[in-house]
Number of protein chains: 2
Amino acid sequence: MYTSKLLRNLIEEFTKLPGIGTKTAQRLAFYLLKIPKEEALPLAKAIESLKERVRFCSVCFNATEDETCSICKDSKRDRKILCVVEKISDLVALEKSGEFKGHYHILQGALSPLDGIGPEQLRVKELLNRLRNSEVDEVIIATAPNAEGEATALYLAKLIKPLVRKVTRIARGLPVGSELEYADEVTLSRALEGRREM
Amino acid sequence: MYTSKLLRNLIEEFTKLPGIGTKTAQRLAFYLLKIPKEEALPLAKAIESLKERVRFCSVCFNATEDETCSICKDSKRDRKILCVVEKISDLVALEKSGEFKGHYHILQGALSPLDGIGPEQLRVKELLNRLRNSEVDEVIIATAPNAEGEATALYLAKLIKPLVRKVTRIARGLPVGSELEYADEVTLSRALEGRREM
């Protein structure tokens, strides 16, 4: 079909990425074929640099070019409060909110026995070790409000409780800007359950 | 937001691609961060090879690593019939159908005055030169059945008619497997107009 082996090869490499089907891969490859070299090569370079130089922070498992990430190094952040998230993109979302000024711990996933992901596949051991020798007062468990995230939260809470004064879970309720009539039953139940005095 | 400059840079490079928004770019970058180096680097390499070694066929403007593409070089293909398409992915789609055994000419776009694309931006001059010194008997104009493609087809037909015996346009009608009730009016009109005796 493709008269260029290298073009076919690039399309194949693109289809290996999550959520990229043949049509999208083809569109991306043809786009890169069309644009000037100087505009296409930085993408290749960026992938190489990522794999050569970015690693996981030895403390919280965030992405960093150094031994520890800039959040862990930041002396202005509150060391008494630790937020546990599933993945780096969750940390990014929380940082965008600007609400949280403590430290993080990235689990690198959530418990999912069907997918073969148990506590050993996650950074649970590292989290417990970290809490054992720390001044952390409160751990906020911010895993996702879905089946895997909730199971992970319950599992972690049990392990963490003996180690810190307070273990909390992020609130589940109605998203801001939404309407009650379109909310699902479970979310509504949680919103009622989590009600606060005004 | 991102504690890794290189991670942020890769996300930015991904968002430059067509149809890739911030969320998708982030997902792709995190995926590449997670997988082993040996699985991620081939993508970077493939982009580099594409830009270093793939060029456009000097005859038909298909993608190739050589001076002319394998279709142009193929002596078993019919030199008397030439199919004009907008882009390489159109050629790929036609080749998949297995129906066409002639040669191609890729315009590298369609007329679109609003986007500043006139005949000079397309490979029209090259098409006419090619037809002037050739044994081509029939030119099939297979530009897209949309406003730009139809305008391009009309424009080309006028220029090509003095040069070859026959200029044809691919049929517009109901897609195979579709239903009449869901077809738009213009497609139905074209399907009636293009009816053939059984």
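Chain A is the first sequence line, chain B the second, and so forth, proteins listed ahead of strands; every chain is numbered from 1. Being a predicted model, the structure only gives us computed values, none of them experimental. Side chains included, hydrogens not; waters and symmetry mates left out as well; all remaining heavy atoms used.
For chain B, no part of A:Leu94 is nearby; none of its heavy atoms comes within less than 4.5 Å. Proximity to chain A (any heavy atom under 4.5 Å) is shown, for B:Leu7, by both the backbone and the side chain. Residue A:Lys87: no heavy atom, backbone or side chain, is found under 4.5 Å from chain B. Interface remark: A:Ala29 contributes backbone atoms only to the contact with chain B (heavy atom separation under 4.5 Å). With a 4.5 angstrom heavy-atom cutoff, A:Leu43 touches chain B via backbone and side-chain atoms both. Proximity to chain B (any heavy atom under 4.5 Å) is restricted, for A:Gln26, to the side chain, taken from C-beta onward.
A donor and an acceptor atom, one from each side chain of B:Arg130 and B:His105, are located under 3.5 Å apart. Between A:Glu138 and A:Thr168, the side chains place a donor N or O and an acceptor N or O closer than 3.5 Å (distance only, hydrogens not considered).
Under a cut-off of 6.0 angstrom, the local environment of CZ in A:Arg195 is sparse, with at most 12 non-hydrogen atoms contributed by other residues, nucleotides or ligands.
The candidate with the highest count of non-hydrogen atom pairs below 4.5 Å against chain A, out of B:Val54, B:Thr24, B:Asn9, is B:Val54. With chain B as the partner, the residue from A:Ala63, A:Ser70, A:Gly98 showing the most heavy-atom pairs under 4.5 Å is A:Ala63. Contact tally against chain A (heavy-atom pairs below 4.5 Å) for B:Cys69, B:Pro18, B:Ser49: the top residue is B:Pro18. Between chain A and the options B:Ile20, B:Leu33, B:Leu28, B:Asp66, heavy-atom pairs under 4.5 Å are most frequent for B:Leu33.
Ionic pairing of B:Lys37 and A:Glu52 is present here: one or more N-O contacts between side-chain nitrogen and carboxylate oxygen are shorter than 4.0 angstrom. Ion pairing of A:Arg172 with A:Glu150 is present here, as a side-chain N (NZ or NE/NH1/NH2) and a carboxylate O approach within less than 4.0 Å.
The side-chain heavy atoms of B:Ile71 and B:Glu95, taken from C-beta on, include a pair separated by under 4.5 Å.
In this structure, CG on B:Leu91 lies 11.0 Å from NZ on B:Lys96, to the nearest 0.5 angstrom.
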